[in-house]
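Below is one structure; the comments refer to it alone.
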Protein chains: 2
Amino acid sequence: MKEKCERVNAGQIGGMLKKVPETESITRMAAVFQALQSDTRLKILFLLRQKEMCVCELEQALDVTQSAISHSLRTLRQLDLVRVRREGKFTIYYIADAHVRMLIEMCLEHVEEKHEH
Amino acid sequence: MKEKCERVNAGQIGGMLKKVPETESITRMAAVFQALQSDTRLKILFLLRQKEMCVCELEQALDVTQSAISHSLRTLRQLDLVRVRREGKFTIYYIADAHVRMLIEMCLEHVEEKHEH
DNA sequence: TGAATATATGAACAACTGTTCATATATTAA
DNA sequence: TTAATATATGAACAGTTGTTCATATATTCA
């Protein structure tokens with residue numbers, strides 16, 4: 001650690017660093033936000049927020065290939081942002097939990113608020 | 001639109017699509033999540049959550065160059081996730097608003113919950 | 001069984017991102 | 001003024017991502 005700026009209080013900063021989540025959590029969070037960073041995946045979540053859906057329904061709703069949707073769903077699934085249920089030959093996807101709903105709603109509020117004036 | 005899967009109800013899907021935020025909002029959200037997807041920027045936010053800080057303090061706390069921090073801060077600033085205030089020769093950064101705090105807290109809860117069992 | 005439908009996966013490529021290095025600008029103090 | 005400190009910016013490169021295409025697997029129904 002270099003001691004440069006007069007505002008720096010090394011002890012205080014040390015204390016603050018302890019309150020930053022551990023690297024593993026940060027990396028996991030980065031992965032979650034990274035999954036939420038694609039237009040396609042966001043649209044999928046805003047659809048699933050209204051009703052659980054199978055892949056073909058999503059395919060009908062979105063303007064990308066079935067392959068792209070499937071890849072997107074896998075990403076969301078791996079981070080437990082959506083969950084799956086088999087129903088005969090259909091695979092039904094749905095939003096995992098309230099956190100996920102909150103995340104996209106908070107973010108939507110944030111971006112819409114900024115453009116109202 | 002192709003009409004394939006027997007579960008698809010084109011009318012219903014049309015109605016659901018209307019409730020998906022408009023493309024501009026989605027794109028803006030994607031940009032916000034994209035900004036939150038980097039370890040460095042997340043650490044910055046978890047530090048700023050505790051106390052507003054100048055760039056050198058962040059430099060002291062994080063293990064990246066001043067340039068990298070400055071670039072990261074610009075990204076966060078452009079999306080109104082953090083705001084700036086000049087104080088003499090220092091530039092003080094702070095979390096923009098409650099939405100941002102919520103976003104990182106929701107995500108942290110999500111990832112920590114998943115690893116407790 | 002076999003054909004049809006539904007979904008998943010791997011490869012490949014263009015596009016994008018984060019970092020560092022080098023340098024520019026802004027502010028203060030001398 | 002000039003020197004020192006604080007911050008910002010542009011270029012460039014390695015690494016990562018999202019999509020499509022081609023193909024594989026799984027389930028149902030005849």
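Here is how names work: the chains are called A, B, and so on, in the same order as the sequence lines, proteins then strands, and each is numbered from 1.
When each of Gln37(A) and Cys54(A) is assigned the nucleotide of DNA chain C bearing its nearest heavy atom, the one mapping closer to the 5' terminus is Cys54(A). Projected onto DNA chain C by closest heavy-atom contact, Lys89(B) and Ala68(B) fall at different nucleotides, the more 5' of which corresponds to Ala68(B). Mapped onto DNA chain D by nearest heavy atom, Thr75(A) and Leu73(B) fall at different nucleotides, with Leu73(B) at the one closer to the 5' end.
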Inset, instruction - Applying side-chain contact (heavy atoms from CB on, under 4.5 Å), run through Ile92(B) and Arg86(B) and close with a yes or a no. - result: CA-CA 6 Å; Ile92(B) 316 286; Arg86(B) 259 246 163 219; over 6 Å; no
Inset, instruction - Determine, stepwise, if the pair Arg77(A) / Tyr93(A) fulfils side-chain hydrogen bond (donor to acceptor under 3.5 Å, both in side chains). - result: CA-CA 9 Å; Arg77(A) 215 170 53 216; Tyr93(A) 282 87; 2.7 Å; yes
Legend entry - side-chain contact (heavy atoms from CB on, under 4.5 Å) between His110(A) and Met106(A), worked out: CA-CA 6 Å; His110(A) 184 78; Met106(A) 279 299 114; over 6 Å; no
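The listed nucleotides are dT27(D), dT17(C), dT20(D); the one nearest the side chain of His71(A) is dT20(D). Which of dG18(D), dT7(D), dT7(C) sits closest to the side chain of Cys56(A) comes down to dT7(C). When the nucleotides dT7(C), dT17(C), dG10(C) are ranked by their closest atom to the side chain of Ser70(A), dT7(C) comes out on top. For Ser67(A), counting side-chain heavy atoms from C-beta on, the closest listed nucleotide (dG10(D), dT7(C), dG10(C)) is dG10(C). Of the candidates dT17(D), dT27(C), dT7(C), the closest approach to any side-chain atom of Arg86(B) belongs to dT27(C).
Leu58(B) and Tyr94(B) are assigned to two separate hydrophobic clusters, defined by single-linkage of ILVMFWY side chains at heavy-atom distances under 4.5 Å.
Remark: side-chain polar atoms of Gln50(A) are paired, donor with acceptor, to backbone N or O of Met16(B) under 3.5 angstrom.
Regarding Leu58(B), its CG atom lies at a distance of 15 Å from the C1' atom of dA8(D), rounded to whole Å. Distance Leu62(A) CG to dT19(D) C1': 14 Å, rounded to the nearest Å. Between Arg41(B) atom CZ and dT17(C) atom C1' there is a gap of 8 Å when expressed in whole angstrom units. Rounded to whole Å, the distance from CD on Gln34(A) to C1' on dG18(D) is 10 Å. Distance Glu6(B) CD to dT28(D) P: 11 Å, rounded to the nearest Å. Between the CZ atom of Phe90(A) and the P atom of dC29(D) there is a distance of 10 Å, rounded to whole Å. Residue Arg74(A) contributes atom CZ, which lies 9 Å from atom C1' of dG10(C) at whole-angstrom precision. Rounded to an integer number of Å, the gap from CD of Glu59(B) to C1' of dA8(D) is 13 Å.
The side chain of Arg7(A) contributes no N or O atom lying less than 4.0 Å from OP1 or OP2 of dT5(D). Between Thr40(B) and dG18(C), a side-chain N or O to OP1/OP2 separation shorter than 4.0 Å is absent. Taking 4.0 angstrom as the limit, Thr65(A) places none of its side-chain polar atoms (N or O) nearer than this to OP1 or OP2 of dT19(D). For dA6(D), neither phosphate oxygen OP1 nor OP2 lies less than 4.0 angstrom from any side-chain nitrogen or oxygen of Tyr93(B).
The structure places CG of Leu108(A) at 6.0 Å from OG of Ser25(B), a figure rounded to the nearest 0.5 Å.
Contact annotation: side chain of Gln66(B) to base of dA8(D), donor-acceptor pair present below 3.5 Å.
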